[in-house]
4 protein chains.
Amino acid sequence: MKKKAEERKNQILRAAFQAMSVQGYNSVTLQSIADHAEVSKGVVHYYFKNKEDTLSQLLEWLTNKIYNYELASVNSESTPLGKLKAYVNSVFVAPEKNAKFYRVYLDFLSQAGQNETYRKINHHFYQNCWGITSDIITSGQKTGVFEQNINIENTSKTMRAIIDGLLIQWLMNEDINSHQYYKETCYQSFLDLLKVN
Amino acid sequence: MKKKAEERKNQILRAAFQAMSVQGYNSVTLQSIADHAEVSKGVVHYYFKNKEDTLSQLLEWLTNKIYNYELASVNSESTPLGKLKAYVNSVFVAPEKNAKFYRVYLDFLSQAGQNETYRKINHHFYQNCWGITSDIITSGQKTGVFEQNINIENTSKTMRAIIDGLLIQWLMNEDINSHQYYKETCYQSFLDLLKVN
Amino acid sequence: MKKKAEERKNQILRAAFQAMSVQGYNSVTLQSIADHAEVSKGVVHYYFKNKEDTLSQLLEWLTNKIYNYELASVNSESTPLGKLKAYVNSVFVAPEKNAKFYRVYLDFLSQAGQNETYRKINHHFYQNCWGITSDIITSGQKTGVFEQNINIENTSKTMRAIIDGLLIQWLMNEDINSHQYYKETCYQSFLDLLKVN
Amino acid sequence: MKKKAEERKNQILRAAFQAMSVQGYNSVTLQSIADHAEVSKGVVHYYFKNKEDTLSQLLEWLTNKIYNYELASVNSESTPLGKLKAYVNSVFVAPEKNAKFYRVYLDFLSQAGQNETYRKINHHFYQNCWGITSDIITSGQKTGVFEQNINIENTSKTMRAIIDGLLIQWLMNEDINSHQYYKETCYQSFLDLLKVN
DNA sequence: AATGAATGAGTATTCATTCAT
DNA sequence: GATGAATGAATACTCATTCAT
């Protein structure tokens, strides 16, 4: 049954996410993924070709989940500034979630240097993210809230850079309470880049 | 002789940097570090307590080297805009060097989630970097090239975020020629943040 | 299947005994234990946590085996003197077996100085051994073959000391034929201690 | 200078004894011996061929020291019973000394199974020990305190067995206060064997 | 005589992967 | 489909020994 198999895979991917967020890319074992999923070790190999395949699919599943969440948040708003605010809120969603995701995501980024597949999946994620901000900027320029001569591509890339860069800084920080501070810093820098007076 | 030992350690750290930039944090072996340094495996253990100690000292050595280079570049200029430009040039120094450093640096960042020591060394590096931009902003505000009401702390963090975020994007990019593009994007976003007309 | 696992462990313990009797505690490797058991190295780690765990269980298995053999031998006799003789015969069972066991046992005793676990297992073995002679002495005192005012505890300890001490002397001896001589010396000294005229 | 070299060797042997009593035969390193002797690692190799040679000479030095001490103690007494008492006192000299010596001695005994040299040195020590008790028994038989028909050889071996066996038992004991108890048990068993009314 | 830097052989341990049941 | 027993490659680390200084 296809449905069942899909559920099994999701169950394992969730377990892999959980395991990796605790142990890190290099320390996570198929055994611990199986343990988190409450299945036997053989099951993981039954649904995934090998360890790399499992983690590749985790990266894909994870980045899609994040992208879809951000997209839905932005689409729930109608004004450009509303969308921008919603985007930042969806990115800085909550300390625990951000920490968990970025720990895992950083691991994948560091692996991507040696791994073509991860690099491609991540590149697709980037394009999705750039698309979100491109749309926001375009709509803002149409309604005149953002300046006209802003380079959309450059700014989208910079905006994602700020998000990644700030969340990495926040992750390296001992002070988990700084989450709100980093969110506001991020939003303010977006306004500066878009020259919202 | 102390001098000799110091040279030996540097030789090994250079080799470790080389090895890690090729193989990544998890795949690098003490054997390959020894091979790169053209010494026997035992030598690495003679000068460093263990693998983690070796790589900790590599991170420290590396971030200090980068910081000192950036600082010297900035200090070689006298005007705020000259310093800003010099900073960006020193950060985006050359494709090969950036790729090598950021591959290794990303590995350490991803390990930092599980490793207090790495986190601390990196935090010190961050503070040094924030210090560089703080000084530039302060001098720019004094001479009136930058706006007065810019929050120095927030902006310094954002600027480092942009650097990290953009260089990670560039690293994930297949097109190595985009280095110049990312450098210019970085510089332009700095001007926007500092509200240079 | 539980039964199968138990057999596997016994197979490995027998192999460990064999390997240790030849190579000694410090020279025995998990590889050589695996070789003796005709399994792969990984199997040993599958059934035992680590090397120390393997050898701990070997000591326990071994001392229990010896104790049970001695107990059964003594119980097969009904008279005190018969039991005493049976005990000595079961202890000095055969040159090859004694040599094999005492070589291994001495290794464990020497490790026990640094190893709490070994010390505990050995202490339990001692208590079992003292129990055997205590019972023999008690029954001999009841029937009047042994003197009444013998201190059972002291004598039991001395008897075990004689066994250990003589078998160590025999083991250090080049002359393997002296086994019979040491057995008789042991038995005679027991009679002296129990004041059998 | 021969004198100086002899002192150096003794200094190293004392250090080796100290180190081995703490770390055990297998864990002791030439480095730790050198550390205890407060000399460099190279010095040990300068005065001894290799590790085994160092430890062989330690065993010889140690057993000779013990033997000479026991012999002197016995010779300081004139009556057979006095000598016997002195012997037991010299053997059970003090808890710390006994523990230190027997820990090291047991290590050597366990190695002797694989090491001809250790076996030979130990055999010589045994002969010396048997000689002490033989002399005591002979003198006791002459004066009539001990029974005439005691087999001197057998009894000497049994007496050493009791000493070794009891001190091993004591060493395995958690209760260091039992030293006195074991000494008395030893002495009483000697009286029983020698049939002193 | 003495030092300690350098070597490299040897080993416990981990874990992805396979496959018989 | 699912299990988990078995395999063995890979690697950090220790330490006796050598030897240039």
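Keep in mind it's a predicted model, so treat the numbers as computed, not measured. So that the names make sense, note that chain A is the first sequence line, chain B the second, and so on, each numbered from 1.
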Partners meeting side chain to side chain contact (heavy atoms under 4.5 Å, CB included) with A/Arg8 (sequence neighbours left out): A/Gln11, A/Val39, A/Val43, A/Tyr47

Decide yes or no on side-chain contact (heavy atoms from CB on, under 4.5 Å) for D/Arg103 and D/Asp107, but give the supporting numbers first. CA-CA 6 Å; D/Arg103 260 201 298 270; D/Asp107 272 345; 5.9 Å; no

Under 4.0 Å, heavy atoms only, any strand: does D/Tyr47 hit a base, just the sugar-phosphate, or nothing? sugar-phosphate

Please confirm whether the shortest side-chain N or O distance from A/Arg8 to OP1 or OP2 of F/dG1 is below 4.0 Å. no

Stems for DNA chain E (at least 3 consecutive Watson-Crick or G-U pairs, under 3.5 Å) come to E:2-21 with F:2-21

Rounded off to whole Å, could you give me the CZ-to-P distance for the C/Phe48 and E/dA12 pair? 15 Å

Rounded to the nearest angstrom, tell me the gap between atom CG in C/Asp35 and atom P in E/dA12. 12 Å

Measuring to OP1 and OP2 of F/dT3, would you say a side-chain N or O of A/Tyr46 lies under 4.0 angstrom away? no

In whole angstrom, give the distance that lies between atom CG of D/Leu55 and atom P of F/dT17. 10 Å

Rounding to 0.5 Å, atoms CD1 (C/Ile121) and CG (C/Leu59) come to a distance of 4.5 Å

To the nearest Å, give me how far apart CD1 (D/Ile12) and P (F/dA16) are. 15 Å

Could you check whether atom CD of C/Glu116 has more than 12 heavy atoms from other residues, nucleotides or ligands sitting under 6.0 Å from it? yes

Figure out the CD/C1' separation between A/Glu38 and F/dA2, and round it to whole Å. 16 Å

Identify every side-chain donor-acceptor pair in residues 17-24 of chain B under 3.5 Å, counting partners at least two apart or on other chains, and give the distances.
from	atom 1	to	atom 2	distance (Å)
B/Gln18	OE1	B/Lys100	NZ	2.6
B/Ser21	OG	B/Gln18	O	2.8
B/Gln23	OE1	B/Ser32	OG	2.5

Short N/O separations, protein against nucleotides 10-14 of chain F, under 3.5 angstrom:
from	atom 1	to	atom 2	distance (Å)
F/dA10	N6	C/Lys41	NZ	3.1
F/dA12	OP1	B/Lys51	NZ	3.1
F/dA12	OP2	B/Leu30	N	3.2
F/dC13	OP2	B/Lys51	N	2.9
F/dC13	N4	B/Lys41	NZ	2.4

Nucleotide E/dT3, atom C1' - distance to NZ of B/Lys4 in whole Å: 13 Å

In whole angstroms, how far is the P atom of E/dA16 from the OH atom of A/Tyr25? 10 Å

Determine whether the aromatic ring centres of C/Phe108 and C/Tyr105 lie less than 6.0 Å apart. no

Once side chain to side chain contact (heavy atoms under 4.5 Å, CB included) is applied, do any residues pair with A/Asp53, and if so which ones, sequence neighbours excluded? A/Phe48, A/Lys49, A/Asn50, A/Gln57

Value rounded to 0.5 Å, distance of NZ in A/Lys41 from CG in A/Leu30: 8.0 Å

Assign each of A/Val39 and C/Val39 the nucleotide of DNA chain F bearing its closest heavy atom; nearer the 5' end lies the nucleotide of A/Val39

Would you please name every residue forming a side chain to side chain contact (heavy atoms under 4.5 Å, CB included) with D/Ile66, sequence neighbours left out? D/Glu70, D/Phe101, D/Phe125

In whole Å, what is the span from the NZ atom of D/Lys9 to the C1' atom of E/dA1? 15 Å

